[in-house]
Protein chains: 2
Amino acid sequence: MKPDEIRRFREVMRQMQRNLGLLSKSDAACCGITVAQCHALLEVGRSGEITLFNLASVLGLDTSTLSRTIEGMVRIGLVERKVNPRDRRYLSITLTERGEQVYVDINRTFDQFYADIFAVIPEDKHAQIFESLHLLSTAMDSNIDPNCREELINEQPAK
Amino acid sequence: MKPDEIRRFREVMRQMQRNLGLLSKSDAACCGITVAQCHALLEVGRSGEITLFNLASVLGLDTSTLSRTIEGMVRIGLVERKVNPRDRRYLSITLTERGEQVYVDINRTFDQFYADIFAVIPEDKHAQIFESLHLLSTAMDSNIDPNCREELINEQPAK
DNA sequence: CTGATTAGTTGTATAATACAACTAATGTAT
DNA sequence: ATACATTAGTTGTATTATACAACTAATCAG
């Protein structure tokens, strides 16, 4: 791996990250919900039923953040939130009928997005791309750990 | 591309997007700056000199957002902001010495991150991954509303 | 010269987020 | 079984990131 290859690769990843952000944003906007709600919705839909704590874990967010996101979704009628009678600490979060509708809709849009993308890529590359992303994603998962060196900047006297 | 393949692919992309977000965050935190500052810093460093307007275009952000981000960076001594005497509407944004230091440092960290990732991937897959990501990124670019990109950038020496 | 365009700033609003302090429920150990 | 610990979730508070609209100042075009 040569340095300039890494740089080019970083550039591609950065661009892709930006594109993925735009995708979420426009998809959510299309359905009249926020990006955070969109992500939560997809996860609740996928699980069928999930606790707030688990949802926060899956999304990598604090429970306080999720609590408020879900509050908003309850208010606009996307999900239902009820206490689990077996252990009254847990919430059971599920999609309402309307939530289900939006879920299906967003899923369709995302699927279409990727279908469109692969439509403009030669078919004989598809398997390779699939494998590559899988390798990359797996490698990343095992490499993410925030070990900091806290030296560089703290507070610079404003000139 | 079969529906369930697309779903799995989406899942991988989502995970990667999350990992990339974490990466930016921990890198920025390590250097005592915010994520927005980190991205701006990388872009200013890459260009050497850039106007606020062009920087906003490259990053896909509103100039008001960038104006405040740069304000913060000036305050902590990362960049310098001076009026272009040839056209006094333009700012010329450049790295300070300290900004240069942090720029080099962040670049090193990002490079290392990707080097580490590729280190755990069989070498004979590297070229394939490069090609795949390139294909994917290009396909995405042409599928995303090409609202804010290259055509707005007129005058900067690179690197 | 006047009106239009352009770069940047400021006012305001909102989304997304974390951390800390809290409540309520449940588990555990003496 | 009582007291302490742990867990799920909420609320208070603060910060970051962001956009849009209204504005100023500079420059361009007719």
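In the text below, chain A, chain B and the rest are named by the order of the sequence lines, each starting its count at 1. Worth saying up front: this structure is predicted, and the values here are computed from it rather than measured.
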Return the value, rounded to whole Å, for the distance between atom [atom1] of [X] and atom [atom2] of [N].
{"X": "B/Leu52", "N": "D/dT18", "atom1": "CG", "atom2": "P", "answer": "14 Å"}
{"X": "B/Arg75", "N": "C/dT9", "atom1": "CZ", "atom2": "C1'", "answer": "14 Å"}
{"X": "A/Asp62", "N": "C/dA21", "atom1": "CG", "atom2": "P", "answer": "14 Å"}
{"X": "B/Lys25", "N": "D/dT15", "atom1": "NZ", "atom2": "P", "answer": "16 Å"}
{"X": "A/Tyr90", "N": "C/dT26", "atom1": "OH", "atom2": "C1'", "answer": "9 Å"}
{"X": "B/Leu61", "N": "D/dT16", "atom1": "CG", "atom2": "P", "answer": "16 Å"}
{"X": "A/Asn54", "N": "D/dG9", "atom1": "CG", "atom2": "P", "answer": "8 Å"}
{"X": "B/Ile50", "N": "C/dA7", "atom1": "CD1", "atom2": "P", "answer": "13 Å"}

Charged N-O contact under 4.0 Å between [X] and [Y]:
{"X": "B/Asp87", "Y": "B/Arg89", "result": "yes"}
{"X": "B/Arg7", "Y": "B/Asp4", "result": "no"}
{"X": "B/Arg46", "Y": "B/Glu43", "result": "yes"}
{"X": "B/Glu11", "Y": "B/Arg14", "result": "yes"}
{"X": "A/Asp105", "Y": "A/Arg108", "result": "yes"}

Do B/Thr96 side-chain atoms and B/Gly77 backbone N/O form a donor-acceptor pair below 3.5 Å?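 Yes, because the side chain of B/Thr96 sits within donor-acceptor range (under 3.5 Å) of the backbone of B/Gly77.
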Residue whose closest nucleotide on DNA chain C lies nearer the 5' end, A/Thr69 versus B/Ser92: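 Its nearest nucleotide being more 5', the pick is B/Ser92.
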Among residues 80-87 of chain A, which ones have heavy-atom contacts with DNA chain C below 4.0 Å?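 The answer is A/Arg86, A/Asp87.
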OP1, OP2 of [N] versus side-chain N and O of [X]: anything below 4.0 Å?
{"X": "A/Thr34", "N": "C/dA16", "value": "yes"}
{"X": "A/Arg88", "N": "C/dA25", "value": "yes"}
{"X": "B/Thr65", "N": "D/dT18", "value": "no"}

Record whether the side chain of A/Arg68 comes under 3.5 Å of the base of D/dG9 through a donor-acceptor pair of N or O atoms.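 In this structure, the two groups form no donor-acceptor pair.
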For DNA chain D, whose closest nucleotide is more 5', that of A/Ser64 or that of B/Gln37?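 Its nearest nucleotide being more 5', the pick is A/Ser64.
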Are B/Phe118 and B/Phe130, when compared by the centres of their aromatic rings, separated by less than 6.0 Å?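 That pair passes the under 6.0 Å test.
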